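As the structure is a computational prediction, the values presented were derived from the model and not from experiment.
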Amino acid sequence: MPSMEPDLYLHSHSAERTAEPRASLATWEDLAQRASAHQQQGRRLQALQLFRQALVVAEALLRMPGQPVADTQAHACIAALVVSHHNLADLYLHSGAPATAAQHLCDAHASVLQLTTSDAPALSTAAWRHLRETRAALLQFVRGEEDGGTSAATPTAIAACDQALQCLAIVPLLARRSLH
């Protein structure tokens, strides 16, 4: 199975942002469903492109200037962000790129943690609920439960697990700071 690692995760996402689709939950859902269909049919590159677009839309939903997230949509917008990162992590993990998968899991966790300090109470509350999911995904990854433990023994996978553990170790410190 060829690795997708050379097609590394773009930290800046600048390529995707130039052609950002209209940000709505319906747009995100359509992109995510189409990406999942491509992934199930073995078309990884098409799935990757659509999962990335879905992530851009999810990020845009949470950072629309002058348009705060409605209380009724806070949970759904954060869920879209988490699911987008987790879909990409799954795709990368099963394509032989555990370091990139770990980065997406860490980014999801860090993004949600940052939202816990939001001035919008609904957004903050929803973020605290989603932290459990992102933490669980990181722990699953470290235990090798995501891929049945098949990649756990490779040096790249070990480094990716270390990266995920470091992300988990930082979170309680950040969370305590945000509570004070």
Side-chain angles (χ1 to χ4, degrees), residues 1-64 69-70 72-112 115 126-127 129-152 154 156-157 160 163-164:
M1 181 180 311
S3 170
M4 292 178 79
E5 202 73 46
D7 187 22
L8 288 177
Y9 174 63
L10 301 174
H11 293 281
S12 68
H13 300 293
S14 60
E16 293 94 352
R17 288 206 175 113
T18 58
E20 189 169 297
R22 189 174 150 270
S24 72
L25 284 168
T27 300
W28 173 83
E29 188 174 2
D30 177 62
L31 289 165
Q33 286 176 351
R34 289 174 34 217
S36 292
H38 281 293
Q39 184 177 17
Q40 289 172 353
Q41 296 165 358
R43 296 190 297 248
R44 289 186 180 156
L45 292 179
Q46 292 90 339
L48 177 63
Q49 179 184 14
L50 290 169
F51 278 142
R52 283 180 175 169
Q53 288 178 7
L55 176 59
V56 169
V57 169
E59 289 172 336
L61 288 169
L62 291 165
R63 64 171 165 68
M64 293 175 79
V69 174
T72 58
Q73 292 192 331
H75 173 75
C77 290
I78 294 173
L81 179 71
V82 171
V83 168
S84 294
H85 275 295
H86 289 189
N87 284 341
L88 282 162
D90 182 57
L91 182 64
Y92 277 112
L93 183 62
H94 290 95
S95 298
T100 307
Q103 186 62 54
H104 273 287
L105 295 174
C106 287
D107 286 353
H109 199 57
S111 295
V112 172
L115 290 169
R129 289 186 185 133
H130 283 279
L131 266 181
R132 283 181 252 142
E133 296 167 26
T134 58
R135 182 179 185 278
L138 283 164
L139 288 171
Q140 258 187 322
F141 179 83
V142 170
R143 292 181 188 135
E145 296 170 5
E146 295 263 322
D147 66 352
T150 57
S151 66
T154 68
T156 306
Q163 176 184 356

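Among residues two or more places apart in sequence or in another chain, the ring-ring contact (aromatic ring centres under 6.0 Å, His included) test is passed with H38 by none. A search for side-chain hydrogen bond (donor to acceptor under 3.5 Å, both in side chains) contacts involving Q33 returns E29, not counting sequence neighbours. In this structure, the side-chain hydrogen bond (donor to acceptor under 3.5 Å, both in side chains) partners of E133, at least two apart in sequence or on a different chain, are H130. For the side chain to side chain contact (heavy atoms under 4.5 Å, CB included) test, residues two or more places apart in sequence or in another chain that qualify with A108 are H85, H86, T134. Considering only residues two or more places apart in sequence or on other chains, Q41 meets the side-chain hydrogen bond (donor to acceptor under 3.5 Å, both in side chains) condition with R43. With sequence neighbours excluded, the residues forming a side chain to side chain contact (heavy atoms under 4.5 Å, CB included) with A80 are L25, W28, A58, listed by chain and number.
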* Decide yes or no on side-chain contact (heavy atoms from CB on, under 4.5 Å) for Q103 and Y92, but give the supporting numbers first. => CA-CA 10 Å; Q103 186 62 54; Y92 277 112; over 6 Å; no
* To do: Apply side-chain contact (heavy atoms from CB on, under 4.5 Å) to the pair H104 and L55, showing each step before the final yes or no.
  => CA-CA 10 Å; H104 273 287; L55 176 59; 4.1 Å; yes
* To do: Could you check R34 against L31 for side-chain contact (heavy atoms from CB on, under 4.5 Å), going step by step and ending with a plain yes or no?
  => CA-CA 5 Å; R34 289 174 34 217; L31 289 165; 4.0 Å; yes
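When all heavy atoms of A101 and A89 are compared, the closest pair comes out as CB-O, 3.2 Å. Residues I78 and A127 come closest through the heavy atom pair CD1-N, 3.5 Å. Pairing each heavy atom of L62 with each of C77, the nearest pair is CD2-CB, 3.8 Å. Closest non-hydrogen pair, T27 versus S24, comes out as OG1-OG, 2.8 Å. Across every non-hydrogen atom of A23 and V57, the tightest pair is CA-CG1, 4.0 Å. When every heavy atom of L81 is checked against every heavy atom of S111, the shortest pair comes out as CD2-CB, 3.7 Å.
With L48 as the fixed residue, the side-chain contact (heavy atoms from CB on, under 4.5 Å) test singles out one of R44, R52, Q46: R52.
Rounding to the nearest 0.5 Å places CD of Q39 at 9.0 Å from CG of L88.
With H94 contributing its side chain and D90 its backbone, the two residues share a donor-acceptor pair below 3.5 Å.
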